[in-house]
Structure formats: structure tokens, C-alpha cells
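One structure below.
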Amino acid sequence: MKVAFVASEAVPYAKTGGLADVTGTLPVYLRDLGVETSIIMPMYKMIDVQKIMELKVELNGTVKVEVFKDKNTYLISCPDYFFREGLYGTPKGDYPDNCERFALFAKSVLGLLEKVEFDIVHCHDWQTGLIPLLARRANIKTKTVFTIHNLGYQGRFPKEKFPVLGIEWDYFNVEGVEFYGDINFLKAGILYSDIVTTVSPTYAQEIQTAEHGFGLDGVLKKFKHKVYGILNGIDYSIWNPEIDPLIYENYLDYEGKQKNKFELTNECVFDFNKPLIGMVSRIAGQKGFDILTKAFDDIMTLNYNFILLGFGEEQYCEKLLEFAHIYQGRIAINIKFDETLAHRIYAGSDFFLMPSSYEPCGLGQMISLKYGTVPIVHKTGGLADTVIQFDPAGTTGNGFLFESYSADSMVKALSHAYSVYQNRDVFRRLSENCMKFDFSWGRSAEKYKDIYKELLT
Ligand code: ADP
């Protein structure tokens, strides 16, 4: 069975978030199960790999595209469109030619499929949404799976861009790629793929509701017979405090973890004895920064210290930097992408906060569990599927959840967590409990393989 993963990002080549972790890691686990996997993605900067072919792609005229190969990864190169500072845009907004960029990518993938044979093309997110449509239109026998990692990002473009796609206007109607008068790449992926998956069972249900459907709930409900929810895993060869080369000291118990907290708080010039909340996150409304900035003074009143690593929307970054100025010595705000610091925050914090308004799966809470860092999360999507409310009486559970999405209910959960932290024996047990949860990729990879098998029979 030959499966090509097609995505706009994959580790180790390019990453802005969890998508890259999934598209880079899941193929490795599938290979262990006997599935022959490859990755196809854009080439964002010149790397020293072998060029294997040239393609001519029609997009407002003929565009020359080169295909490079590095081990099992095909890199589609068109420097005018892809050799840029960011993957999708700048902090000020998306690139204005994203429609052209990812239409070109989709068409290049179709060109590649004519030359290299795969049984299944597994597409990820809106950037690849046109591929199932183009594959069906070209009548190719390759089956398509389309995975939604985040329904909030749909690749929506004005109708005027439709001719760029080079497909018949018949596709532009409510039964096709039209969405309230615009083109919608994600909708194309949902409609024309053989199977749709998303990254947790709860999210698979939530996206069929008006609250979380971003206008596509009706379409998803209509096609619910082909919608599956499979929880992401994490790669324990990277995310494991026992062997992690990026943290201050390796550990497998609470004592070892405390040494990491000591080093991290030392670097931040924080009081070691105060509970430390960590966050590693894209700075975006979805990640709960609206309620977080609202609740910030209350969090400080609760006597927590706070360290954040992330980058994204300017309005929140500025607010957070203001707080860092007001609460000097208790808050560290790091606006950047930094792999080492991310690992050190997972290892050195007591709590990991994810107040996401919605969360398709979320990797941060699963990583933090492995590092014994207790998650405090909004009960939604994959967070609801992985975090279990801690019960101090039975010492069961692995974290703290709040049900309604508001600053108030988040502060209540933080206050509860703070009271648990006061009893260090109980907190220690909770932290060590967290380390025992297993969210490795193995089980999820089996489920994907089952889906591929079903498609090919
Ligand atoms: P999403 O994919 O929605 O951004 P996830 O929780 O699924 O959120 O995945 C986020 C991933 O990106 C995690 O591996 C997290 O550690 C990493 N990450 C996010 N922001 C940064 C950053 N500024 N520096 C380093 N790693 C980051």
C-alpha cells in the first residue's frame, strides 16, 4: 500500500504548528506498520537535495515547477511563490496570492501523480483542499483522504480568483466549492475526498454543530457517513523527559522535574516557590488569548508566576508585553519560535495552560502530561478527549478543566489548581500521574491504516 501525505508543512522541513508534527511523524509510524509512505510539500527555501523532475503547470499561463526529493519527501519548488519569510503570510496578515500559491501546489501534486503512482493521497488542511477535486475531475484512480486539522482556517478567496483554478464554472455553486459567494478550498477537500478525518473524536462531533462548524457544519453533517475522528499522538522519541537533549536535566520523576523548574525560574529570575504556569502556543484568538488577557490581573492575584513562548497576532503580543512590564519578576513573555525554550517550558513549569476557545486535538497538553506538567484546559475538542478532571480524594485524573469559555470559569479552574498545589504531596502524585498517560502514535496509526485498507477493498 503506497500512501502520499500531502501538506503545506511537515517536520523537519517547515513548521508553524501542530500540523507539521503530525504530517512529519505519522508517516514514520505508518511505515512501521508496513504502509509505504511519502510526503509531498512545498519547498520554502533552497536545500541541498536532488532534483528529480520538472513539471509544467497551468496557472495564468504556464509555470515551471521543479520537484526535489529528500529520502521519502517530494519538495515542490517554485521560488516566486514559496521562497518567502513566512509560510502563509506575515504578522500583518496572509499573503494576497495564497489562492494562486496553493492552487499551483495542488496542480503540481496532480502532475506528480501522473509520474509517480500512489494508492492513496492523504491531504491535510485547506492548502491541499483542491487536490481531491482535481483528482476526481481528472478521473484518476488514486483514492483521497482529507484530514481537517483546524476548521477555522478554510482557504477562502474571492470569486474573481476562480479562473486561476482553471476548472469549469460548474464547480462554482453551493453543491461545489462556492461558500457564500467565495471560493472555499477546505469545502472542496470535504466534498470531493473519499474519506474525511479530523484529529479527535470530540472535534469530529463538534464540527457538525453551528457553534464549531464555521459555516461548514451543514456540509459536514451531510457527509457524516465519511467523517472519522482519530486522536493525534505525540512522538515520544522527541518528547520524553528521560532522553530529551534540550532540557536542563533528564528526569523520570517529580524530583528531577523540580531541578528543571529550578533552572528555568533561575533564568527568569522568578521565585521558585510560587507555582509556575507555562504556555507554548500560537498567539491567536483561538488559543484563548482574549480570555487570558482579560483574566491576567486575577491570575497574578492568585500568586502564580507565568512564562509564555509564542508568536502571532500583534494585538495580543502588545498586551502581553504590557503585563510583563507591570508584573516584572513574575512574567516572562517570549515572542519568538524557539524549540529549546519550548522543551524547557514543558519540563520546568508546574502547570500548562491551554484555554483554547476550540481545539481540534492539541499537542501541547499531551506533551505537558509526559513532562509531568499539569494541564489546565478549556473542555473542548481534543482537550476534552485527553485531560481528565483531577479528583484529590481518589487522586484520579490528570488535570483541570473548565466548561464554559469565559475568563471567570478559567480563573475558577486556576484557583482550584492553586489550592491543590498547596499540598505538595498531593501535587506531586498528580504530576507523576500525568507522566504515566500514553498518547503515542502507535494506536492512531493503526486506525489510519484501517481506513486506508477499507478504501482499497
Ligand atoms: P496548533 O497546531 O493549533 O498551533 P498544537 O497544540 O496542536 O497547536 O501544536 C502546537 C505545536 O507547536 C506544539 O508542538 C508546540 O510546542 C509548538 N509551538 C507552538 N508555538 C511555538 C513556539 N513559539 N516555539 C516553539 N514551539 C512552538
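Both counts, for ligands and for their atoms, begin at 1 and track the order of listing. For the single chain, residues carry numbers from 1 onward in sequence order.
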Under 4.0 Å from any heavy atom of [X], which atoms of ligand 1 are there?
| X | answer |
| --- | --- |
| G362 | 6 (O), 7 (O) |
| K336 | 22 (C), 23 (N) |
| G17 | 2 (O), 4 (O) |
| G364 | 6 (O) |

Practice task
Taking the six-membered ring of F223 (Phe, Tyr or Trp), confirm whether the NZ or CZ of K226 is under 6.0 Å from its centre and within 45° of its axis.
Solution key: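 Yes, a cation-pi geometry holds between K226 and F223.
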Minimum-distance protein heavy atom relative to [atom]:
| atom | value |
| --- | --- |
| atom 2 (O) of ligand 1 | G18 N, 2.6 Å |
| atom 14 (O) of ligand 1 | D21 OD2, 3.2 Å |
| atom 4 (O) of ligand 1 | R282 NE, 2.8 Å |

Exercise for the section: Answer yes when E9 and K15 have at least one side-chain N-carboxylate O distance shorter than 4.0 Å, and no when they do not. Expected result: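 A salt bridge is absent here (no side-chain N lies under 4.0 Å from a carboxylate O).
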Handout entry: N-O pairing of E432 and K257 below 4.0 Å
Key =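 Judged by the 4.0 Å cut-off on N to carboxylate O distance, E432 and K257 do not form a salt bridge.
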Handout entry: Atom NZ of K319: over 12 foreign heavy atoms under 6.0 Å
Key =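 No, NZ of K319 has 12 or fewer neighbouring heavy atoms, counting only those of other groups under 6.0 Å.
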Exercise for the section: Check if S281 has a non-hydrogen atom at a distance under 4.0 Å from any atom of ligand 1. Expected result: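 For ligand 1, residue contact (heavy atoms, under 4.0 Å) with S281 is present.
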Exercise for the section: For H149 and ligand 1, answer yes if some heavy atom of the residue is under 4.0 Å from a ligand atom, otherwise no. Expected result: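 Judged by the 4.0 Å heavy-atom criterion, H149 does not count as contacting ligand 1.
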Practice task
Assert yes or no for the condition that the ring centre distance of Y236 to W441 is strictly below 6.0 Å.
Solution key: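 No: the rings miss the under 6.0 Å criterion.
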Practice task
Answer with yes or no whether the side chains of Y327 and E322 bring together a donor and an acceptor at under 3.5 Å.
Solution key: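 The criterion, which ignores hydrogens and geometry beyond distance, is not satisfied for Y327 and E322.
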Exercise for the section: Please state whether the rings of F439 and F437 are parallel, tilted or perpendicular, taking 30° and 60° as the class boundaries. Expected result: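 Plane angle under 30°, so parallel.
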Exercise for the section: May I ask which of Q286, Q365, K15 has a heavy atom nearer to atom 17 (C) of ligand 1 than the others do? Expected result: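 The nearest heavy atom belongs to K15.
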Problem - ligand 1 N/O within reach of D338 N/O, cut-off under 3.5 Å - result: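 Such a contact does occur with ligand 1.
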